[in-house]
Structure formats: C-alpha cells, structure tokens
Amino acid sequence: MQWTSWCLLEPELSLNAETLAEILNGGQTFRWNQTKDGDWVGQWSQCIARVRLDRRGIVEWSCPRKLKKQVASEIPHYFALDINYPAMIDQLPHRSDDVIADALVRWEGLRLLRQPLGETLLAFLCSSTKRITQIKIICETLANKFGEVVIDQYRALPTWAVLNELSESALRTCKMGYRARFIKGTANILAEQPNYLSGIETLSFPEARRALIALPGVGEKIADCVLLFGAGRLEAFPVDVWMLRAMARHYGLEGWKPNQVTHFGSAHFGPYAGLAQQYLFAGERKG
DNA sequence: ATCCAGGTATGCA
DNA sequence: TGCATACCTGGA
C-alpha cells in the first residue's frame, strides 16, 4: 500500500514518546498498534493513519494515498486540534492541587481523542473486566470477521446495523464471552431507534448519561467513558479500579465507592474533570 | 497450569 | 439503597 509522505499535525502537537503511547494505547482507544520502527498505525471510522514524532517531538502523520482527502480533513478533529487545551488545563485546580499540577507536567501534551460515538460504545461494551490488550484483540477480531474492508487488510469495526444481524454465538467467536449478549441487546435497541445515538449528542450531560445507561451492558463507568471519549463531554469522570486506587492514594479517598469518587471528581476538578481523570489515570498506570 | 481482569445485571437484606 | 454473586475466557 502506498502511504503519503509525513506531514505535521497543525497546530503542532509537542509531546514525548511515552505520552503519545498513553494517548494511543492508554485505554481511550483500542485501534492503534506500534510498528517495529516505533510508528503507530491506527484506525477510526473509515480512516487509517500513521503517526510518529519528529526529531523535535512534534507529531506528524501519514495515511494511505487513496484516503488522503478524507484523513486530512478528519485527523484534526480526531486529535482535537481545534480544542484549546491550554485554556482548559488552566481551569483545572493546579494552583491549589499539587497532584494535578505534577501530573500536568509529567504528561504534558496528553489529550482526549474525539472518537466516533458508535465505535466508542462498541469498544467499551467489550471492556468490562478485560485488559487493554484483550480489548484490542476483541476489536480487531470483530473488524476482521465482520467489518467492511477499508483498504487491503484494513477493516473498519462493524456498524451497529451489521452487529444487529449477527447471532450471539457469532459474536462470541470474537472472544468477548458474556459481553456478546450485551452487544446483541444494544444492537437491537439501536436498530429499532435509529436516532438513538445521534440523539445523545443533543442531550444534556445527565440525560445523555441516562440514555446510555439504559442500554444493556452499559453502566455508569462505561457510560462515562463513552461520553468522554466518544462524545466530547469533558465533564465525564469515569471511575474504574485504577481511578479508585489513584484517588485513594492521592486524595485520601480510601474505601469510597465509585459514584462517590465520581462526585468528588466533578466537584474538585470542575467542567473538565475528564481531562484531569486522564492525567491521573496515566500516572496510576505508569507510576 | 491456574487465576483474574479498566463492569454490569440481578437477587436478596 | 446497598452489598454479594454470576457471567466468559484469553492471556499473563
């Protein structure tokens, strides 16, 4: 396959290799893999792209020639280059909170990708009690078995319409176990209510969260992940076991329940709590 | 080998 | 409302 030459992402994104790995392979997306030269290759919707750092630590990208037009127009949105990160980061309580202040330095340049809502929902429905590597394998298997070819061996994740045509046992061949029932149930609802997902974008945060939780297999944690990673709702503060550990350690919240921690997070970090969550999460995984 | 994982739904106090 | 327990199974 023919790839375009490398170009800089604009406006420029400056970060170190560890932070780039955290963005692409830290658990917000499951569709990026590192090649032997250290480049990253990833997919979202009908896009395929490569990403790497230049000598100065600035992110550059390339894509299959045939997709140049589409990827060029979508990649700025995907990497949220139109979002004013310095302004958002400045609204986090870094002046009074050394934990977040340190994390902002340690993971400078960390950001939330803006992923397609349907794909984000699918990936996180597969995520319960699974490690990142396993979630990636499930997504890859789903794409390989049931996804549409984009180019050559690259296949997109199956659409919800396609998923709705599959049997639970067909889904189980993708190594997802009991999660197949949830995907089947959700696919059924989305097929009967074609505007369900797009409608979520128009709802207030609490309403959107409730609408997601109404889907089988979606609880509070997955709903918050879908809102944060797939709907640009930066006030979402997903709390999983990692975040429970991080918040217990840094803020003395030993023994708190997940929804108590969610409440603490939004009260303490404010409208961009999800961004703070991402910084703390990176630190908890990597120390 | 065998154990457990980035949760959710369900049933029972 | 709150807390156990089952649910699948691949990969560490």
Side-chain angles (χ1 to χ4, degrees), chain A residues 21-34 103 107 110 112-113 115 119-145 163 166-190 208-230 233 236-250 253-265 273-287:
Chain A
E22 190 62 27
I23 293 170
L24 299 177
N25 205 30
Q28 52 171 323
T29 174
F30 305 98
R31 294 286 279 158
W32 288 83
N33 291 295
Q34 204 161 20
W107 299 99
L110 189 69
L112 278 337
L113 300 170
Q115 302 175 66
E119 295 189 352
T120 311
L121 175 61
L122 175 59
F124 280 92
L125 272 171
C126 299
S127 73
S128 66
T129 59
K130 287 282 181 196
R131 296 179 180 153
I132 290 171
T133 52
Q134 295 175 299
I135 303 166
K136 288 173 73 172
I137 289 170
I138 296 171
C139 289
E140 188 176 359
T141 310
L142 272 169
N144 287 340
K145 290 197 175 204
L163 292 167
L166 299 174
S167 65
E168 183 179 325
S169 60
L171 288 167
R172 278 178 187 256
T173 64
C174 298
K175 312 179 182 187
M176 66 176 70
Y178 64 84
R179 299 158 196 83
R181 187 165 43 87
F182 296 146
I183 291 185
K184 193 71 190 121
T186 289
N188 185 40
I189 292 175
L190 298 186
R209 194 171 190 259
R210 268 194 295 277
L212 284 168
I213 290 173
L215 298 169
V218 180
E220 298 185 318
K221 188 270 180 183
I222 290 180
D224 286 335
C225 286
V226 172
L227 288 168
L228 183 59
F229 305 132
R233 303 297 183 99
F237 193 84
V239 173
D240 53 29
V241 296
W242 293 92
M243 200 47 41
L244 235 32
R245 288 195 277 261
M247 298 300 282
R249 190 146 63 84
H250 295 304
L253 308 188
E254 280 87 6
W256 286 43
K257 302 292 172 279
N259 59 7
Q260 297 176 306
V261 174
T262 296
H263 186 79
F264 178 96
L275 184 56
Q277 182 269 0
Q278 207 62 15
Y279 276 90
L280 299 174
F281 185 81
E284 190 62 24
R285 290 179 63 245
K286 295 289 184 127

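So you know, we letter chains A, B, ... as the sequences are listed, proteins then strands, and number each from 1.
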Span that lies between the C1' atom of dG6(B) and that of dA12(C), in whole angstrom: 16 Å
dC8(C) versus dT2(B) - spacing of their P atoms, nearest Å: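 Here dC8(C) and dT2(B) have their P atoms 23 Å from each other.
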Output the single nucleotide from [options] whose closest atom is nearest the side chain of [X].
{"X": "T133(A)", "options": "dG7(B), dG6(B), dA12(C)", "result": "dA12(C)"}
{"X": "Q134(A)", "options": "dG7(B), dG6(B), dG11(C)", "result": "dG11(C)"}
{"X": "Y178(A)", "options": "dG6(B), dG11(C), dG7(B)", "result": "dG7(B)"}
{"X": "R285(A)", "options": "dG6(B), dT9(C), dG7(B)", "result": "dG6(B)"}
{"X": "Q277(A)", "options": "dG10(C), dG6(B), dG7(B)", "result": "dG6(B)"}
{"X": "D240(A)", "options": "dG6(B), dG10(C), dT9(C)", "result": "dG6(B)"}

Secondary structure of DNA chain B in dot-bracket form (Watson-Crick or G-U wobble, distances below 3.5 Å, | marking inter-strand pairs): .||||.|||||||
Electrostatic pair [X]:[Y] at N-O distance under 4.0 angstrom:
{"X": "R285(A)", "Y": "E22(A)", "answer": "yes"}
{"X": "E168(A)", "Y": "R172(A)", "answer": "yes"}
{"X": "R31(A)", "Y": "E119(A)", "answer": "no"}

Aromatic contact, F237(A) with F264(A) (centres under 6.0 Å):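 That pair fails the under 6.0 Å test.
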Centroid separation F229(A) to F30(A) less than 6.0 Å: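 Ring centroids of F229(A) and F30(A) are no less than 6.0 Å from each other.
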Looking at every strand, decide which applies to [X] at a 4.0 Å heavy-atom threshold: base, sugar-phosphate, or nothing.
{"X": "I137(A)", "result": "sugar-phosphate"}
{"X": "G185(A)", "result": "nothing"}
{"X": "G27(A)", "result": "base"}

Starting at atom [atom1] of [X], determine the distance to atom [atom2] of [N], rounded to an integer number of angstrom.
{"X": "K257(A)", "N": "dG2(C)", "atom1": "NZ", "atom2": "P", "value": "9 Å"}
{"X": "R179(A)", "N": "dA9(B)", "atom1": "CZ", "atom2": "C1'", "value": "14 Å"}
{"X": "E220(A)", "N": "dG7(B)", "atom1": "CD", "atom2": "P", "value": "13 Å"}
{"X": "F182(A)", "N": "dG7(B)", "atom1": "CZ", "atom2": "P", "value": "13 Å"}
{"X": "R181(A)", "N": "dT9(C)", "atom1": "CZ", "atom2": "C1'", "value": "15 Å"}
{"X": "M176(A)", "N": "dT9(C)", "atom1": "CE", "atom2": "P", "value": "12 Å"}
{"X": "N259(A)", "N": "dG7(B)", "atom1": "CG", "atom2": "P", "value": "15 Å"}
{"X": "E140(A)", "N": "dG11(C)", "atom1": "CD", "atom2": "P", "value": "11 Å"}

Donor on one side chain, acceptor on other, R179(A) and T129(A), under 3.5 Å: yes
Nearest-nucleotide 5' precedence on DNA chain B, V218(A) against Q28(A): Q28(A)
Minimal non-hydrogen separation, A223(A) against I213(A), with atom names: CB-CG1, 3.7 Å
N25(A) side chain near N33(A) side chain, heavy-atom distance below 4.5 Å: no
Sub-4.5 Å side-chain heavy-atom contact between Q277(A) and D224(A): no
Derivation of the side chain to side chain contact (heavy atoms under 4.5 Å, CB included) call for T186(A) and L163(A): CA-CA 9 Å; T186(A) 289; L163(A) 292 167; over 6 Å; no
Contact list for DNA chain C against residues 120-131 of chain A - heavy-atom distance below 4.0 Å: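 Per residue number, the list reads K130(A), R131(A).
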